[in-house]
Amino acid sequence: MTNASPSPPLLSPPRPRTVAASPPTRLAHTVFAVRDYDLARTLTSGQTFRWRRAGAGWEGVLGTRWVRLQEQPGGIAATALDPGSDWAWLRDYLQVDTDLARVLASFPDDPALGAAVRAAHGLRLLRQDPWECLASFLLSATKRIVQIEHIVALLCRRFGQPLPTPAGCPTEFAFPTPARLGACGESDLRDCKMGFRAPHLRASALAVASGQLDMAALAALPLAVARDRLMDLPGVGPKIADCVLLFSLGHPQAFPVDVWVARALRQFYFAGRTVTTDQLRAFACHHFGPFSGYAQQYLFDYLRRGSRRAQDGAPAIRSAVDSGPEVSCV
DNA sequence: GTCCAGGAGCCAT
DNA sequence: ATGGCTCATGGA
(Lines give C-alpha, C1' and ligand atoms only; values in the text may rest on other atoms or scores of the structure.)
Protein backbone atom coordinates (compact mmCIF):
# COMPACT_ATOMS: atom_id res chain seq x y z
CA MET A 1 0.00 0.00 0.00
CA THR A 2 1.39 3.33 -0.92
CA ASN A 3 -1.36 5.62 0.28
CA ALA A 4 -2.51 3.91 3.44
CA SER A 5 -2.50 5.64 6.78
CA PRO A 6 -0.27 3.96 9.38
CA SER A 7 -3.28 2.94 11.43
CA PRO A 8 -6.64 1.73 10.13
CA PRO A 9 -9.71 3.91 10.29
CA LEU A 10 -11.34 4.07 13.69
CA LEU A 11 -13.98 1.49 14.33
CA SER A 12 -15.99 0.74 17.38
CA PRO A 13 -15.11 -1.06 19.47
CA PRO A 14 -11.35 -0.55 19.10
CA ARG A 15 -9.37 -3.75 18.81
CA PRO A 16 -5.92 -4.47 20.17
CA ARG A 17 -3.07 -3.70 17.80
CA THR A 18 -1.00 -6.61 19.03
CA VAL A 19 0.64 -8.67 16.32
CA ALA A 20 2.97 -11.63 16.60
CA ALA A 21 5.87 -10.61 18.81
CA SER A 22 8.55 -11.36 16.24
CA PRO A 23 6.93 -11.40 12.83
CA PRO A 24 8.94 -12.88 10.00
CA THR A 25 9.94 -9.73 8.22
CA ARG A 26 12.05 -11.30 5.51
CA LEU A 27 10.47 -10.83 2.13
CA ALA A 28 10.51 -13.74 -0.28
CA HIS A 29 10.03 -13.35 -4.01
CA THR A 30 9.16 -15.58 -6.91
CA VAL A 31 7.88 -15.33 -10.46
CA PHE A 32 5.25 -17.53 -12.04
CA ALA A 33 5.80 -17.88 -15.76
CA VAL A 34 2.36 -17.70 -17.35
CA ARG A 35 0.85 -16.35 -20.54
CA ASP A 36 -2.60 -14.88 -21.09
CA TYR A 37 -3.12 -13.82 -17.50
CA ASP A 38 -4.70 -10.40 -16.89
CA LEU A 39 -4.11 -10.06 -13.18
CA ALA A 40 -6.01 -6.82 -12.69
CA ARG A 41 -9.07 -8.02 -14.54
CA THR A 42 -9.02 -11.32 -12.68
CA LEU A 43 -8.73 -9.76 -9.23
CA THR A 44 -11.50 -7.22 -9.89
CA SER A 45 -14.00 -9.46 -11.68
CA GLY A 46 -16.29 -10.02 -8.73
CA GLN A 47 -15.06 -13.49 -7.81
CA THR A 48 -12.95 -12.31 -4.86
CA PHE A 49 -13.27 -9.25 -2.67
CA ARG A 50 -10.08 -8.51 -0.73
CA TRP A 51 -7.43 -7.40 -3.22
CA ARG A 52 -6.34 -3.78 -3.27
CA ARG A 53 -4.33 -1.89 -5.81
CA ALA A 54 -0.89 -0.97 -4.46
CA GLY A 55 1.22 1.01 -6.84
CA ALA A 56 1.76 -1.05 -9.95
CA GLY A 57 0.66 -4.23 -8.20
CA TRP A 58 -1.91 -5.73 -5.87
CA GLU A 59 -1.88 -6.58 -2.18
CA GLY A 60 -4.08 -9.02 -0.37
CA VAL A 61 -4.33 -11.83 2.14
CA LEU A 62 -4.45 -15.53 1.41
CA GLY A 63 -5.14 -17.66 4.46
CA THR A 64 -2.82 -16.16 7.08
CA ARG A 65 -0.34 -14.72 4.60
CA TRP A 66 0.09 -11.21 3.33
CA VAL A 67 0.80 -11.29 -0.43
CA ARG A 68 1.79 -8.82 -3.10
CA LEU A 69 1.37 -9.57 -6.79
CA GLN A 70 2.48 -7.71 -9.86
CA GLU A 71 2.06 -8.55 -13.49
CA GLN A 72 5.24 -8.43 -15.53
CA PRO A 73 6.20 -9.49 -19.05
CA GLY A 74 5.88 -13.24 -19.26
CA GLY A 75 4.44 -13.80 -15.83
CA ILE A 76 3.37 -12.73 -12.37
CA ALA A 77 5.83 -11.60 -9.70
CA ALA A 78 4.89 -12.47 -6.13
CA THR A 79 6.13 -11.27 -2.77
CA ALA A 80 5.24 -12.77 0.58
CA LEU A 81 6.56 -13.14 4.09
CA ASP A 82 7.79 -16.60 4.97
CA PRO A 83 6.16 -18.44 2.06
CA GLY A 84 7.04 -21.84 3.52
CA SER A 85 8.78 -24.63 1.71
CA ASP A 86 7.38 -23.68 -1.68
CA TRP A 87 4.81 -21.50 -3.41
CA ALA A 88 2.29 -24.24 -4.15
CA TRP A 89 -0.42 -22.44 -2.13
CA LEU A 90 -0.17 -19.37 -4.33
CA ARG A 91 0.28 -21.30 -7.56
CA ASP A 92 -2.91 -23.15 -6.73
CA TYR A 93 -4.82 -19.98 -5.85
CA LEU A 94 -3.84 -18.23 -9.07
CA GLN A 95 -4.39 -21.38 -11.14
CA VAL A 96 -1.37 -20.51 -13.25
CA ASP A 97 -1.22 -24.07 -14.57
CA THR A 98 -4.64 -23.80 -16.17
CA ASP A 99 -4.34 -23.96 -19.95
CA LEU A 100 -6.53 -21.01 -20.85
CA ALA A 101 -6.22 -21.70 -24.57
CA ARG A 102 -7.76 -25.12 -24.01
CA VAL A 103 -10.62 -23.55 -22.04
CA LEU A 104 -11.32 -21.01 -24.77
CA ALA A 105 -11.08 -23.68 -27.46
CA SER A 106 -13.84 -25.63 -25.72
CA PHE A 107 -16.30 -22.75 -26.08
CA PRO A 108 -18.98 -22.88 -28.78
CA ASP A 109 -18.77 -20.52 -31.74
CA ASP A 110 -21.09 -17.95 -30.29
CA PRO A 111 -21.38 -14.20 -30.99
CA ALA A 112 -22.19 -13.09 -27.46
CA LEU A 113 -19.53 -15.18 -25.77
CA GLY A 114 -17.04 -14.40 -28.53
CA ALA A 115 -17.43 -10.69 -27.92
CA ALA A 116 -17.08 -11.18 -24.17
CA VAL A 117 -13.89 -13.23 -24.58
CA ARG A 118 -12.33 -10.69 -26.95
CA ALA A 119 -13.13 -7.91 -24.48
CA ALA A 120 -11.60 -9.66 -21.49
CA HIS A 121 -8.46 -11.35 -22.76
CA GLY A 122 -6.59 -12.98 -19.89
CA LEU A 123 -9.47 -13.18 -17.44
CA ARG A 124 -8.98 -16.22 -15.22
CA LEU A 125 -10.73 -18.10 -12.47
CA LEU A 126 -9.04 -18.36 -9.10
CA ARG A 127 -9.15 -21.29 -6.68
CA GLN A 128 -10.20 -19.71 -3.39
CA ASP A 129 -10.54 -20.94 0.15
CA PRO A 130 -13.99 -22.57 0.38
CA TRP A 131 -15.03 -21.02 3.68
CA GLU A 132 -14.01 -17.50 2.71
CA CYS A 133 -15.74 -17.97 -0.62
CA LEU A 134 -18.95 -19.27 0.95
CA ALA A 135 -19.05 -16.54 3.57
CA SER A 136 -18.29 -13.81 1.06
CA PHE A 137 -21.04 -14.85 -1.31
CA LEU A 138 -23.48 -15.28 1.55
CA LEU A 139 -22.96 -11.55 1.98
CA SER A 140 -23.37 -10.85 -1.72
CA ALA A 141 -27.14 -11.17 -2.00
CA THR A 142 -28.54 -8.00 -3.61
CA LYS A 143 -25.33 -6.09 -2.93
CA ARG A 144 -23.03 -4.28 -5.30
CA ILE A 145 -19.47 -5.55 -5.49
CA VAL A 146 -18.02 -2.46 -3.81
CA GLN A 147 -20.45 -2.97 -0.94
CA ILE A 148 -19.47 -6.63 -0.61
CA GLU A 149 -15.83 -5.55 -0.49
CA HIS A 150 -16.68 -3.08 2.26
CA ILE A 151 -18.59 -5.61 4.38
CA VAL A 152 -15.83 -8.20 4.02
CA ALA A 153 -13.22 -5.61 5.02
CA LEU A 154 -15.21 -4.68 8.12
CA LEU A 155 -15.64 -8.35 9.00
CA CYS A 156 -11.93 -9.12 8.66
CA ARG A 157 -10.84 -6.08 10.60
CA ARG A 158 -13.15 -6.81 13.50
CA PHE A 159 -13.01 -10.57 13.74
CA GLY A 160 -9.96 -11.68 11.77
CA GLN A 161 -6.59 -12.65 13.18
CA PRO A 162 -4.02 -9.81 12.84
CA LEU A 163 -1.25 -10.79 10.47
CA PRO A 164 2.35 -9.68 10.11
CA THR A 165 3.08 -7.42 7.18
CA PRO A 166 6.23 -5.86 5.78
CA ALA A 167 7.54 -2.69 7.36
CA GLY A 168 5.55 0.29 6.17
CA CYS A 169 2.44 -1.73 5.34
CA PRO A 170 -0.64 -1.53 7.55
CA THR A 171 -1.61 -4.55 9.61
CA GLU A 172 -3.71 -7.03 7.66
CA PHE A 173 -6.27 -9.46 8.98
CA ALA A 174 -7.06 -13.03 8.09
CA PHE A 175 -10.59 -13.83 6.99
CA PRO A 176 -12.46 -14.74 10.21
CA THR A 177 -12.69 -18.42 11.02
CA PRO A 178 -16.07 -20.18 11.18
CA ALA A 179 -15.60 -20.63 14.93
CA ARG A 180 -15.03 -16.92 15.45
CA LEU A 181 -18.05 -15.85 13.43
CA GLY A 182 -20.22 -18.55 14.95
CA ALA A 183 -19.37 -17.15 18.36
CA CYS A 184 -20.55 -13.69 17.29
CA GLY A 185 -23.93 -12.39 18.21
CA GLU A 186 -26.18 -11.45 15.35
CA SER A 187 -25.90 -7.79 16.28
CA ASP A 188 -22.10 -8.01 16.12
CA LEU A 189 -22.44 -9.12 12.53
CA ARG A 190 -25.07 -6.54 11.69
CA ASP A 191 -22.59 -3.91 12.86
CA CYS A 192 -20.59 -4.88 9.76
CA LYS A 193 -23.45 -3.59 7.59
CA MET A 194 -24.60 -6.98 6.35
CA GLY A 195 -28.22 -6.48 7.32
CA PHE A 196 -30.53 -9.43 6.89
CA ARG A 197 -27.61 -11.64 5.86
CA ALA A 198 -26.31 -11.73 9.44
CA PRO A 199 -28.31 -14.76 10.66
CA HIS A 200 -27.38 -16.64 7.49
CA LEU A 201 -23.67 -16.05 8.00
CA ARG A 202 -23.89 -16.95 11.67
CA ALA A 203 -25.78 -20.18 11.06
CA SER A 204 -23.43 -21.22 8.26
CA ALA A 205 -20.41 -20.44 10.43
CA LEU A 206 -21.82 -22.67 13.16
CA ALA A 207 -22.52 -25.47 10.69
CA VAL A 208 -18.93 -25.39 9.47
CA ALA A 209 -17.36 -24.88 12.90
CA SER A 210 -19.31 -27.80 14.37
CA GLY A 211 -18.24 -30.13 11.59
CA GLN A 212 -21.83 -30.51 10.42
CA LEU A 213 -20.52 -29.31 7.06
CA ASP A 214 -16.95 -30.23 6.15
CA MET A 215 -15.77 -27.69 3.59
CA ALA A 216 -12.57 -29.60 2.87
CA ALA A 217 -14.44 -32.83 2.20
CA LEU A 218 -16.86 -30.97 -0.07
CA ALA A 219 -14.17 -30.58 -2.71
CA ALA A 220 -14.01 -34.35 -3.16
CA LEU A 221 -17.74 -34.74 -3.80
CA PRO A 222 -19.46 -34.73 -7.19
CA LEU A 223 -20.85 -31.37 -8.20
CA ALA A 224 -24.51 -32.23 -7.65
CA VAL A 225 -23.88 -33.69 -4.19
CA ALA A 226 -21.73 -30.79 -3.04
CA ARG A 227 -24.33 -28.40 -4.43
CA ASP A 228 -27.10 -30.01 -2.37
CA ARG A 229 -24.96 -29.90 0.77
CA LEU A 230 -24.29 -26.21 0.27
CA MET A 231 -27.95 -25.45 -0.36
CA ASP A 232 -28.82 -27.06 2.97
CA LEU A 233 -27.29 -23.97 4.57
CA PRO A 234 -29.62 -21.08 5.35
CA GLY A 235 -29.20 -18.27 2.87
CA VAL A 236 -27.51 -20.49 0.29
CA GLY A 237 -29.58 -21.03 -2.82
CA PRO A 238 -28.59 -22.11 -6.35
CA LYS A 239 -26.64 -19.01 -7.25
CA ILE A 240 -24.45 -18.83 -4.16
CA ALA A 241 -23.89 -22.59 -4.21
CA ASP A 242 -22.72 -22.35 -7.81
CA CYS A 243 -20.32 -19.54 -6.93
CA VAL A 244 -18.73 -21.68 -4.22
CA LEU A 245 -18.54 -24.67 -6.56
CA LEU A 246 -16.94 -22.60 -9.31
CA PHE A 247 -14.64 -20.30 -7.35
CA SER A 248 -13.41 -22.61 -4.59
CA LEU A 249 -14.30 -26.26 -5.16
CA GLY A 250 -12.84 -26.78 -8.61
CA HIS A 251 -16.01 -27.28 -10.67
CA PRO A 252 -15.44 -25.29 -13.87
CA GLN A 253 -18.82 -26.33 -15.24
CA ALA A 254 -20.75 -24.69 -12.40
CA PHE A 255 -22.70 -21.73 -13.78
CA PRO A 256 -23.89 -19.08 -11.31
CA VAL A 257 -26.88 -17.16 -12.69
CA ASP A 258 -27.10 -13.71 -11.17
CA VAL A 259 -29.24 -10.80 -12.34
CA TRP A 260 -26.65 -9.69 -14.93
CA VAL A 261 -26.08 -13.07 -16.48
CA ALA A 262 -29.79 -13.89 -16.43
CA ARG A 263 -30.57 -10.67 -18.23
CA ALA A 264 -27.93 -11.35 -20.86
CA LEU A 265 -28.95 -14.96 -21.44
CA ARG A 266 -32.62 -14.01 -21.83
CA GLN A 267 -31.73 -11.29 -24.30
CA PHE A 268 -29.22 -13.14 -26.43
CA TYR A 269 -30.47 -16.71 -26.34
CA PHE A 270 -34.17 -16.56 -25.55
CA ALA A 271 -35.24 -13.37 -27.29
CA GLY A 272 -36.81 -12.07 -24.11
CA ARG A 273 -39.07 -15.08 -23.61
CA THR A 274 -39.89 -15.95 -20.03
CA VAL A 275 -37.57 -18.63 -18.72
CA THR A 276 -36.70 -19.47 -15.14
CA THR A 277 -33.18 -19.06 -13.84
CA ASP A 278 -33.04 -22.82 -13.46
CA GLN A 279 -33.78 -23.20 -17.16
CA LEU A 280 -31.14 -20.61 -17.94
CA ARG A 281 -28.56 -22.48 -15.90
CA ALA A 282 -29.39 -25.83 -17.48
CA PHE A 283 -29.16 -24.30 -20.94
CA ALA A 284 -25.87 -22.58 -20.20
CA CYS A 285 -24.15 -25.64 -18.71
CA HIS A 286 -24.97 -27.54 -21.89
CA HIS A 287 -24.45 -24.77 -24.43
CA PHE A 288 -21.13 -23.46 -23.11
CA GLY A 289 -19.68 -26.89 -22.34
CA PRO A 290 -17.41 -28.34 -19.65
CA PHE A 291 -15.91 -24.93 -18.82
CA SER A 292 -19.21 -23.07 -18.80
CA GLY A 293 -18.21 -21.44 -15.53
CA TYR A 294 -15.41 -19.65 -17.35
CA ALA A 295 -17.92 -18.55 -19.99
CA GLN A 296 -20.12 -17.22 -17.23
CA GLN A 297 -17.25 -15.17 -15.83
CA TYR A 298 -16.45 -13.69 -19.23
CA LEU A 299 -20.09 -12.77 -19.80
CA PHE A 300 -20.44 -11.30 -16.32
CA ASP A 301 -17.29 -9.20 -16.66
CA TYR A 302 -18.26 -8.04 -20.14
CA LEU A 303 -21.74 -6.94 -19.14
CA ARG A 304 -20.72 -5.33 -15.90
CA ARG A 305 -17.94 -3.30 -17.46
CA GLY A 306 -20.12 -2.41 -20.40
CA SER A 307 -22.81 -1.16 -18.06
CA ARG A 308 -20.39 0.87 -15.99
CA ARG A 309 -18.97 2.44 -19.12
CA ALA A 310 -22.47 3.31 -20.27
CA GLN A 311 -23.18 4.93 -16.92
CA ASP A 312 -20.04 7.00 -17.35
CA GLY A 313 -21.49 8.37 -20.56
CA ALA A 314 -19.41 6.39 -23.02
CA PRO A 315 -21.08 4.01 -25.45
CA ALA A 316 -21.64 0.54 -24.09
CA ILE A 317 -19.30 -2.08 -25.50
CA ARG A 318 -22.03 -4.34 -26.73
CA SER A 319 -22.21 -3.62 -30.41
CA ALA A 320 -20.56 -6.90 -31.35
CA VAL A 321 -23.28 -8.71 -29.45
CA ASP A 322 -26.19 -6.54 -30.44
CA SER A 323 -25.35 -6.90 -34.12
CA GLY A 324 -24.72 -10.63 -33.92
CA PRO A 325 -27.30 -13.17 -34.99
CA GLU A 326 -29.68 -14.48 -32.39
CA VAL A 327 -28.82 -17.95 -31.29
CA SER A 328 -31.94 -20.06 -31.17
CA CYS A 329 -32.07 -22.54 -28.35
CA VAL A 330 -34.58 -24.72 -26.49
C1' DG B 1 -38.50 9.88 -3.33
C1' DT B 2 -37.53 5.77 -6.40
C1' DC B 3 -34.91 2.09 -8.11
C1' DC B 4 -31.53 -1.42 -7.90
C1' DA B 5 -27.71 -4.39 -6.41
C1' DG B 6 -23.23 -11.36 -8.23
C1' DG B 7 -30.56 -13.89 -3.77
C1' DA B 8 -33.11 -16.61 -0.92
C1' DG B 9 -37.15 -17.95 1.82
C1' DC B 10 -41.84 -17.82 2.73
C1' DC B 11 -46.54 -17.80 1.59
C1' DA B 12 -50.32 -17.35 -1.44
C1' DT B 13 -52.47 -19.32 -5.51
C1' DA C 1 -44.58 -25.66 -9.61
C1' DT C 2 -44.98 -20.63 -9.82
C1' DG C 3 -45.32 -15.53 -8.66
C1' DG C 4 -45.11 -11.85 -5.36
C1' DC C 5 -43.19 -9.90 -1.09
C1' DT C 6 -39.79 -9.08 2.26
C1' DC C 7 -35.44 -8.93 4.18
C1' DA C 8 -30.81 -4.20 5.15
C1' DT C 9 -27.99 -0.96 3.18
C1' DG C 10 -26.13 2.57 0.19
C1' DG C 11 -25.44 4.84 -4.21
C1' DA C 12 -27.28 6.80 -8.50
Side-chain angles (χ1 to χ4, degrees), chain A residues 11 41-51 116 120 123-126 128 132-155 158 184-204 207 227-249 251 254-267 273-282 284-285 292-314 316:
Chain A
L11 288 171
R41 194 176 284 272
T42 297
L43 298 181
T44 62
S45 63
Q47 56 181 313
T48 183
F49 304 101
R50 294 199 65 191
W51 291 96
L123 174 61
R124 300 281 190 134
L125 289 182
L126 303 165
Q128 302 179 49
E132 177 172 342
C133 186
L134 168 62
S136 297
F137 280 96
L138 264 171
L139 303 173
S140 73
T142 57
K143 279 290 179 192
R144 292 169 198 275
I145 289 175
V146 291
Q147 294 178 310
I148 303 167
E149 291 168 346
H150 183 224
I151 296 170
V152 168
L154 290 174
L155 205 56
R158 284 190 69 156
C184 287
E186 193 178 309
S187 62
D188 295 329
L189 298 177
R190 283 183 185 263
D191 287 344
C192 296
K193 308 298 183 187
M194 67 185 70
F196 62 83
R197 304 155 193 84
H200 297 158
L201 180 60
R202 183 175 136 77
S204 292
R227 192 169 191 265
D228 287 341
R229 295 278 171 81
L230 288 166
M231 288 176 60
D232 285 339
L233 296 171
V236 179
K239 192 271 176 182
I240 292 175
D242 286 333
C243 283
V244 177
L245 291 167
L246 180 62
F247 299 141
S248 75
L249 296 179
H251 289 288
F255 195 96
V257 180
D258 74 305
V259 288
W260 293 90
V261 172
R263 202 174 295 155
L265 291 178
R266 288 198 173 96
Q267 177 182 347
R273 276 176 287 154
T274 54
V275 280
T276 66
T277 56
D278 201 57
Q279 289 176 301
L280 291 174
R281 188 175 52 79
C285 289
S292 54
Y294 278 84
Q296 178 276 157
Q297 199 63 13
Y298 277 95
L299 290 170
F300 176 76
D301 184 78
Y302 182 55
L303 297 161
R304 194 168 68 90
R305 290 175 195 275
S307 167
R308 292 202 314 187
R309 194 168 298 193
Q311 287 173 7
D312 292 341

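Chain letters run A, B, ... following the sequence lines, proteins first, then strands; residues in each count from 1.
- Both geometric conditions, a ring-centre gap below 5.5 Å and a plane tilt below 30°, are fulfilled for A/F300 over the base of B/dG6.
- Minimum interatomic distance between A/F49 and A/S136 (heavy atoms only, all atoms of both residues): CD1-CB, 3.7 Å.
- Considering only heavy atoms from C-beta on, A/L230 comes within 4.5 Å of A/L249 through its side chain.
- Residues A/S45 and A/R305 have side chains that never bring a donor and an acceptor to within less than 3.5 angstrom of each other.
- Between the C1' atom of B/dG6 and the CG atom of A/L126 lies a distance of 15 Å, rounded to the nearest Å.
- At whole-Å resolution of the value, CZ in A/R190 and P in C/dT9 are 7 Å apart.
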Protein heavy-atom contacts under 4.0 Å, written 5' to 3' over nucleotides 7-13 of chain B as B (base), S (sugar-phosphate only) or - (none), form the string BSS----
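- If you check every strand for non-hydrogen atoms under 4.0 Å, A/T48 touches nothing.
- Taking only distance into account, the side chain of A/Q297 meets the base of B/dG6 through a donor-acceptor pair shorter than 3.5 Å.
- Two residues are said to be in side-chain contact when any heavy atoms from C-beta on lie closer than 4.5 Å; A/W260 and A/L265 fail this criterion.
- The salt bridge (Lys or Arg N to Asp or Glu O under 4.0 Å) contacts involving residues 229-239 of chain A comprise nothing, where partners must be two or more places apart or lie in separate chains.
- Residue A/Y302 contributes atom OH, which lies 18 Å from atom P of B/dG6 at whole-angstrom precision.
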What's touching nucleotides 2-4 of chain B from the protein side, N or O pairs under 3.5 Å?
unit_1	atom_1	unit_2	atom_2	d
B/dC4	O2	A/R144	NH2	3.3

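- Between the side chain of A/Y298 and the main chain of A/L123, a donor-acceptor pair closer than 3.5 Å is present.
- Within the 4.5 Å cutoff, no side-chain heavy atoms of A/L138 are placed close to those of A/R197.
- The line from CD of A/E132 to OG of A/S248 is 10.0 Å long, rounded to the nearest 0.5 Å.
- Contacts of A/F49 with the nucleic acid, taken as non-hydrogen atoms under 4.0 Å apart, are absent.
- Separating the P atom of C/dG4 from that of B/dG6 is a span of 23 Å, rounded to the nearest Å.
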Dot-bracket notation for DNA chain C is requested: 5' to 3', Watson-Crick or G-U wobble pairs only, both distances under 3.5 Å, with ( ), [ ], | and . as defined. |||||||.||||
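- For A/I148 and C/dA8, the CD1 to P distance is 18 Å, given to the nearest whole Å.
- Residues forming a salt bridge (charged side-chain N to carboxylate O under 4.0 Å, His left out) with A/R41 (at least two apart in sequence, or on another chain): A/D38, A/D301.
- Here C/dA12 presents its C1' atom at 11 Å from CD of A/Q147, a figure rounded to the nearest Å.
- Exactly one of A/V152, A/T42, A/L126 qualifies for a side chain to side chain contact (heavy atoms under 4.5 Å, CB included) with A/T48. That residue is A/L126.
- The shortest side-chain heavy-atom distance between A/L201 and A/L155 falls under the 4.5 Å cut-off.
- Put simply, NZ on A/K193 is 14 Å from P on C/dA8, counting in whole angstrom units.
- With rounding to whole Å, A/L138 atom CG is found 13 Å from B/dG6 atom C1'.
- Distance A/L139 CG to B/dG6 C1': 12 Å, rounded to the nearest Å.
- The salt bridge (charged side-chain N to carboxylate O under 4.0 Å, His left out) test applied to A/R281 returns A/D242, A/D278, not counting sequence neighbours.
- Counting non-hydrogen atoms under 4.0 angstrom, A/R197 reaches a base of the nucleic acid.
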